[in-house]
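A short write-up of the structure that comes next.
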Amino acid sequence: MDALKTKVVREPRRQLHKQPAWMTVDDGLTNRECFVLDVSPGGARIVTDVAIDVRDKFGLALVRERPKHQSCEVVWRRGKTYGVKFLN
(Lines give C-alpha, C1' and ligand atoms only; values in the text may rest on other atoms or scores of the structure.)
Protein backbone atom coordinates (compact mmCIF):
# COMPACT_ATOMS: atom_id res chain seq x y z
CA MET A 1 0.00 0.00 0.00
CA ASP A 2 1.35 3.44 -0.93
CA ALA A 3 1.88 5.73 2.02
CA LEU A 4 0.21 9.11 1.67
CA LYS A 5 2.70 11.92 1.53
CA THR A 6 1.81 14.91 3.65
CA LYS A 7 2.79 18.26 2.20
CA VAL A 8 4.41 20.53 4.76
CA VAL A 9 2.77 23.94 4.86
CA ARG A 10 5.53 26.52 5.00
CA GLU A 11 5.37 30.14 6.06
CA PRO A 12 5.84 32.75 3.35
CA ARG A 13 9.53 33.61 3.02
CA ARG A 14 11.36 36.77 2.07
CA GLN A 15 14.59 36.49 0.10
CA LEU A 16 17.60 38.27 1.60
CA HIS A 17 20.29 37.34 -0.94
CA LYS A 18 23.03 36.07 1.38
CA GLN A 19 22.93 38.66 4.16
CA PRO A 20 25.85 38.29 6.61
CA ALA A 21 25.00 37.13 10.14
CA TRP A 22 26.82 35.66 13.13
CA MET A 23 26.19 32.42 14.98
CA THR A 24 27.02 32.56 18.67
CA VAL A 25 27.76 29.61 20.91
CA ASP A 26 29.25 29.19 24.37
CA ASP A 27 27.06 31.96 25.85
CA GLY A 28 28.29 34.44 23.25
CA LEU A 29 32.00 33.71 23.64
CA THR A 30 32.39 32.18 20.17
CA ASN A 31 31.11 33.90 17.01
CA ARG A 32 31.06 32.28 13.57
CA GLU A 33 30.13 34.17 10.43
CA CYS A 34 27.35 32.73 8.33
CA PHE A 35 24.90 34.03 5.74
CA VAL A 36 21.10 34.17 5.92
CA LEU A 37 19.63 33.08 2.58
CA ASP A 38 16.01 33.68 3.55
CA VAL A 39 14.01 34.34 6.68
CA SER A 40 10.43 34.19 7.90
CA PRO A 41 8.82 34.97 11.27
CA GLY A 42 9.36 31.35 12.35
CA GLY A 43 12.85 30.59 11.10
CA ALA A 44 15.58 30.98 8.50
CA ARG A 45 17.81 29.19 6.04
CA ILE A 46 21.50 29.85 6.65
CA VAL A 47 24.72 28.76 5.00
CA THR A 48 28.35 28.72 6.14
CA ASP A 49 31.33 29.25 3.82
CA VAL A 50 33.42 26.61 5.56
CA ALA A 51 32.48 23.27 7.05
CA ILE A 52 32.01 23.83 10.78
CA ASP A 53 30.28 21.84 13.47
CA VAL A 54 26.96 23.67 13.81
CA ARG A 55 25.37 22.75 17.11
CA ASP A 56 21.70 21.89 17.50
CA LYS A 57 21.02 25.19 19.31
CA PHE A 58 22.79 28.52 18.98
CA GLY A 59 22.21 32.27 18.88
CA LEU A 60 21.92 34.17 15.61
CA ALA A 61 22.71 37.89 15.25
CA LEU A 62 22.02 39.83 12.06
CA VAL A 63 24.17 42.70 13.34
CA ARG A 64 27.49 41.65 14.89
CA GLU A 65 27.74 44.55 17.36
CA ARG A 66 24.24 44.12 18.80
CA PRO A 67 24.01 42.17 22.04
CA LYS A 68 20.61 40.67 21.15
CA HIS A 69 20.80 37.22 19.58
CA GLN A 70 17.83 35.19 18.39
CA SER A 71 17.85 31.68 19.88
CA CYS A 72 17.68 29.07 17.11
CA GLU A 73 17.36 25.31 16.76
CA VAL A 74 18.54 23.39 13.69
CA VAL A 75 15.65 21.47 12.08
CA TRP A 76 17.49 20.21 8.97
CA ARG A 77 21.03 20.05 7.54
CA ARG A 78 22.21 19.74 3.93
CA GLY A 79 25.96 20.12 3.61
CA LYS A 80 26.82 23.67 4.71
CA THR A 81 23.16 24.80 4.55
CA TYR A 82 20.87 24.66 7.58
CA GLY A 83 17.21 25.25 8.27
CA VAL A 84 16.61 26.76 11.69
CA LYS A 85 13.53 27.64 13.68
CA PHE A 86 13.46 30.56 16.05
CA LEU A 87 12.87 29.75 19.71
CA ASN A 88 10.91 32.02 22.03
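Just so it is clear, the values below take in all heavy atoms, side chains as well, and ignore hydrogens, waters and symmetry mates. Treat the numbers as computed from the prediction; the structure is a model and nothing was measured.
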Roughly how far apart are Thr48 OG1 and Tyr82 OH, rounded to 0.5 Å?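 Going from OG1 on Thr48 over to OH on Tyr82, the span is 4.5 Å.
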
Thr24 side, atom OG1; Leu60 side, atom CG - distance, nearest 0.5 Å: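 Nearest 0.5 Å value for the OG1-CG distance: 7.5 Å.
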
Non-hydrogen atoms of [X] and [Y] that approach each other most closely:
X	Y	answer
Val74	Phe58	CG2-CE2, 3.7 Å
Val54	Arg77	O-NH1, 2.8 Å
Phe86	Ser40	CE1-O, 3.4 Å
Gly59	His69	CA-CB, 4.2 Å
Cys72	Val84	CB-CB, 4.1 Å

Audit row: Gln19, Val39, side-chain contact (heavy atoms from CB on, under 4.5 Å) steps and yes/no: CA-CA 10 Å; Gln19 175 182 345; Val39 68; over 6 Å; no

Under the salt bridge (charged side-chain N to carboxylate O under 4.0 Å, His left out) test against Asp49, which residue among Lys18, Lys80, Arg32 passes?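 So, applying the salt bridge (charged side-chain N to carboxylate O under 4.0 Å, His left out) to Asp49 and each of Lys18, Lys80, Arg32, only Lys18 qualifies.
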
With clusters defined by side-chain heavy atoms of hydrophobic residues (ILVMFWY) lying less than 4.5 Å apart, directly or transitively, does Val36 cluster with Val50?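 Same cluster: Val50 reaches Val36 through Ile, Leu, Val, Met, Phe, Trp or Tyr contacts under 4.5 Å.
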
Who are the salt bridge (Lys or Arg N to Asp or Glu O under 4.0 Å) partners of Lys85, not counting sequence neighbours?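 Residues passing salt bridge (Lys or Arg N to Asp or Glu O under 4.0 Å) with Lys85: Glu73.
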
